[in-house]
Every structure is written in structure tokens, then in C-alpha cells.
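Below, chain A is the first sequence line, B the second, and so on; all start at residue 1.
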Amino acid sequence: MGNCIQQLSESVTLIASDDTWIEGNAIQQLHTTSKLAGMRRVAGMPDLHPGRGYPVGAAFFSTGRLYPALIGGDIGCGMALWTTDLDARKSPAEKLEKRLGNIDAPLDDAWQTLVSELAPANVGFQQALGTIGGGNHFAELQRIDHIYDPQAVAALQLDMKQLVLLVHSGSRGLGGSILEQHIHRHGHAGLVQDSADCVDYLAQHDGALQYAEANRQLIARRMLDRLGANGQQVLDVHHNLVTPAAIQGENGWLHRKGATPSDTGLVVIPGSRGDYSYLAAPIPSEASLFSLAHGAGRKWMRSECKDRLVKRYSPAQLSRTKLGSHVVCQDKHLIYEEAPEAYKPVDSIIASMEQAGLLTVLAKLRPVLTYKTRGGCC
DNA sequence: ATGTAC
């Protein structure tokens with residue numbers, strides 16, 4: 001497997017084993033980003049893949065200046081894991097799918113007290129709270145497939161007999177509007193630390209983090225409500241955000257874009273919808289800029305997925321996976337874009353980080369039912 | 001990624 005912490009240049013580190021597929025374009029973007037003014041260190045995670053100008057699956061540490069474009073539009077996007085009291089043996093995907101129904105519409109009036117409590121004052125964006133959105137977002141009921149650390153897992157009130165719920169979503173239109181306003185004013189030059197516009201951006205950013213966390217909580221509660229189940233939040237971790245940090249004795253700004261923090265407790269790193277997810281205990285390390293992968297990482301561009309797969313699979317075939325799980329995705333483009341084939345095998349991603357000494361795996365989670373969208377488009 | 005832009 002070789003060395004999993006690769007030093008690509010003085011300031012660029014890549015966390016990946018030799019056999020982890022990383023697209024050349026993503027490495028190029030990593031190097032380009034490392035040359036921004038004030039940029040001190042960048043670290044690519046094993047799920048690194050190309051983004052719009054900047055790579056996804058990476059952490060960036062700068063001093064004196066911060067770069068909203070490096071966090072992207074989905075500020076606060078992240079993963080939440082919940083326990084449920086649903087019996088893993090008596091909850092087949094068909095039954096869950098039927099009971100869940102359609103959760104694409106805005107939350108109704110009965111939810112509005114909780115909505116205003118969790119996410120007050122997001123003018124124009126309140127109606128998206130409690131909805132998953134598109135792209136790689138999902139909510140997934142899972143079985144605990146294997147426990148590697150029984151003590152740690154029991155301490156979280158997780159039980160193999162009960163399903164868990166993993167929610168991946170973000171700040172919907174709110175974060176995008178914050179980035180859009182910022183780019184309109186400042187382009188890609190970034191913000192000088194302590195300037196009025198920087199203070200203003202950080203306040204908006206923090207609002208988007210709160211909104212995104214509230215959104216994940218509302219999605220989970222809404223699903224539990226539909227399923228007639230109870231549950232508790234186990235963890236909620238953002239992977240698109242900027243935080244103040246000290247790296248190599250310097251104070252600055254740690255940007256994460258599709259990079260899970262490794263210095264804030266337990267995390268879940270999901271594979272594709274036809275693959276396992278892993279509950280893990282991070283081992284904080286400056287070498288990875290205190291970050292981990294946020295998923296398996298795309299192997300194929302969204303635009304090429306349908307052409308590559310349409311002859312092999314129908315949408316109906318893609319709604320069932322090799323692990324026996326069901327996928328609710330009535331958007332014919334999205335179901336191809338999110339096909340398991342479009343992603344790297346998650347085991348190679350987890351192994352890279354384990355080998356690099358960045359995490360310990362606690363449990364392996366197996367998908368039962370993934371909800372993407374019932375509405376569809378086109 | 002998007003209460004999308006075309």
C-alpha cells in the first residue's frame with residue numbers, strides 16, 4: 001500500500017495510498033490553490049476530486065486572508081448520524097419506503113415552531129429546511145454490519161438490533177446566496193483578515209452552519225416522524241467550513257471543502273449509495289490539516305455518468321444495489337450521476353486513512369434504504 | 001450545490 005502521506009511539494013500534502021485513484025486534474029487544482037496569496041499548506045484527502053476551479057476533498061490553511069470560494073456554496077454541508085428504535089430484522093426496505101412516502105415538500109405548519117427555534121431569521125430560505133436537496137445529498141437508513149470496537153459503539157447507545165439514520169445535507173440555497181454575494185463584490189481575491197467584509201462573511205458563514213445543522217436535524221426528525229420511530233442524534237459534523245486554527249505555530253484560517261474535521265470527535269464517512277459507510281474515531285494530525293475524507297470521492301464526472309451506464313442499467317435496476325438496499329431517486333439524471341460505479345470503493349479511502357494513522361474504525365454500516373428524491377425533474 | 005440556467 002506504500003506511504004499514505006505523500007508530500008507533493010513544500011506546501012502540498014496528499015493523503016492517499018499508491019493504489020487510490022486520484023484524477024490528475026484534482027492534483028493540478030491542489031497545486032494551483034496552494035499558490036494563492038497567504039496560502040501556507042494544502043492537504044488533499046483520499047476522496048480528492050476536481051471541483052469548479054478548486055478541488056473537493058481537501059483542506060487549505062492560510063494566514064492573513066481567507067477565501068470563501070474555497071468553502072464553496074454549500075456552507076455547512078455535513079453528516080448527521082441518528083439512532084432509531086426501528087428493529088433491523090423487521091424493517092425491510094419495502095416497508096420503510098412505503099411508510100416514508102415523499103419528503104421533498106416543505107415542512108408543514110405543525111413543524112414551524114421547531115423550525116423557528118432551530119434556525120431563526122433566514123429570510124427567503126425557511127421553506128427549504130427539512131429537505132435534502134440534490135447532488136450527493138441523501139438520507140439513509142442503515143444496519144450496523146460489523147462492530148470493531150464494542151465498547152465505543154455501546155457508549156453511543158448504538159445497537160446492532162436497531163437501524164441508524166445517516167443524513168447528508170447542507171445549507172441549501174442560503175449558503176449559495178452568501179457565496180454569490182461575496183464573489184460579486186470580491187471575485188476570487190479572498191478577504192483580508194479582520195476587514196469589515198471579512199467579519200461580515202464570517203457572521204453569515206456561521207449562520208449558514210447553524211442553518212445546515214438545523215436542516216439535518218429537521219430531516220432526521222421528519223423521517224422518524226413518518227416512520228413512527230424515535231431516535232437521538234449521535235453526531236453532526238460539517239465538512240464545508242472555515243475555522244480559525246493554529247498550524248505549525250502560525251495562527252490562520254483552516255478551510256475545509258469536502259473534508260471532515262478530525263479534531264472534533266467521532267465521524268461517519270459514507271461510501272456511495274451501494275457501498276458501506278464507516279463510523280470512525282479520528283486521530284488528530286497536523287499532517288492532514290486535522291482533516292479526513294468526507295466520502296468515497298467521485299471517480300467519474302457527473303456529465304459522463306449517464307452515457308457510461310445507460311446501456312448497462314435502467315433507472316429501476318439502479319434503485320437496487322449489490323448490498324440489497326433500495327434507492328429512492330426518481331430523477332433520471334441524478335440516479336446515474338449517483339450510481340455506485342461513479343464513486344471510488346470506500347474501503348480504499350478508509351484504508352488509506354487508517355494506514356496514515358488518521359483514524360480508527362469503530363463500526364461498518366450497511367445501507368438499507370437511501371432517500372434521494374421522489375419528485376424528480378426533466 | 002442550486003426554491004438552478006438554457
Side-chain angles (χ1 to χ4, degrees), chain A residues 26 29 47-58 67-80 102-109 111-112 115 119 121-139 167-184 188 204-205 207-209 211-216 218-219 222 238-242 255-260 270 272-273 294-298 300-306 329-339 342-343 370-378:
Chain A
Q29 289 183 335
D47 60 335
L48 187 78
H49 59 276
R52 294 199 153 190
Y54 310 107
V56 181
Y67 292 92
L70 292 183
I71 300 134
D74 196 3
I75 304 161
C77 188
M79 298 287 169
N102 185 322
I103 51 168
D104 296 339
L107 289 167
D108 64 26
D109 291 347
W111 289 92
Q112 293 313 312
V115 166
N122 297 289
V123 179
F125 298 98
Q126 289 303 79
Q127 82 297 339
L129 283 161
T131 66
I132 292 167
N136 57 359
H137 291 172
F138 64 86
V167 177
H168 178 204
S169 189
S171 56
R172 310 292 272 102
L174 176 64
S177 79
I178 294 167
L179 180 63
E180 189 186 10
Q181 283 172 56
H182 165 78
I183 296 292
H184 185 252
H188 288 254
Q204 293 186 69
H205 164 277
L209 296 191
Y211 179 105
E213 186 170 349
N215 188 33
R216 289 186 287 272
L218 288 162
I219 291 164
R222 168 184 218 176
H238 305 291
H239 52 230
N240 292 351
L241 76 166
V242 61
H255 311 66
R256 292 186 178 94
K257 170 63 175 171
T260 302
S272 74
R273 310 298 28 93
H294 78 312
R298 293 200 76 79
W300 297 346
M301 284 192 300
R302 289 191 174 279
S303 55
E304 63 182 344
C305 296
K306 197 171 177 183
C329 183
Q330 275 156 358
D331 177 324
K332 281 186 180 156
H333 291 290
L334 189 58
I335 199 163
Y336 285 101
E337 290 173 17
E338 292 292 309
Y343 285 86
T370 305
Y371 189 98
K372 299 282 290 178
T373 178
R374 216 135 207 169
C377 80
C378 320

What is the distance, rounded to the nearest whole Å, between atom NE2 of A:H168 and atom P of B:dT2? 9 Å
To the nearest angstrom, the CG-P distance between A:N215 and B:dT2 comes to 9 Å
Find the distance A:D74:CG to B:dT4:P and express it as a whole number of Å. 15 Å
Once you apply a heavy-atom cut-off of 4.0 Å, does A:R52 come out as touching a base, just sugar-phosphate, or nothing? base
Specify the separation, in whole Å, of atom CD1 of A:I71 and atom P of B:dT2. 17 Å
Take a 6.0 Å sphere around CG of A:D109 and say whether it holds more than 12 heavy atoms from other residues, nucleotides or ligands. no
Can we call the ring centroids of A:H255 and A:Y54 under 6.0 Å apart? no
Salt bridge (charged side-chain N to carboxylate O under 4.0 Å, His left out) partners of A:K257, counting only residues at least two apart: none
Does A:G73 reach a base, just sugar-phosphate, or nothing at all? Heavy atoms under 4.0 Å. nothing
With sequence neighbours left out, the residues meeting side chain to side chain donor-acceptor pair (under 3.5 Å) with A:R172 are A:T131
What integer distance in Å separates A:I183:CD1 from B:dT2:P? 18 Å
What contact category does A:G134 fall into here, base, sugar-phosphate, or nothing, at under 4.0 angstrom with non-hydrogen atoms? sugar-phosphate
Taking any heavy-atom pair under 4.0 Å as a contact, classify A:G124: base, sugar-phosphate, or nothing. base
Report the distance from atom CZ of A:R172 to atom P of B:dG3, rounded to the nearest whole Å. 5 Å
Given atom CG of A:L129 and atom P of B:dG3, what is their separation to the nearest angstrom? 11 Å
Rounded to the Å, how far apart are A:N122 CG and B:dT2 C1'? 16 Å
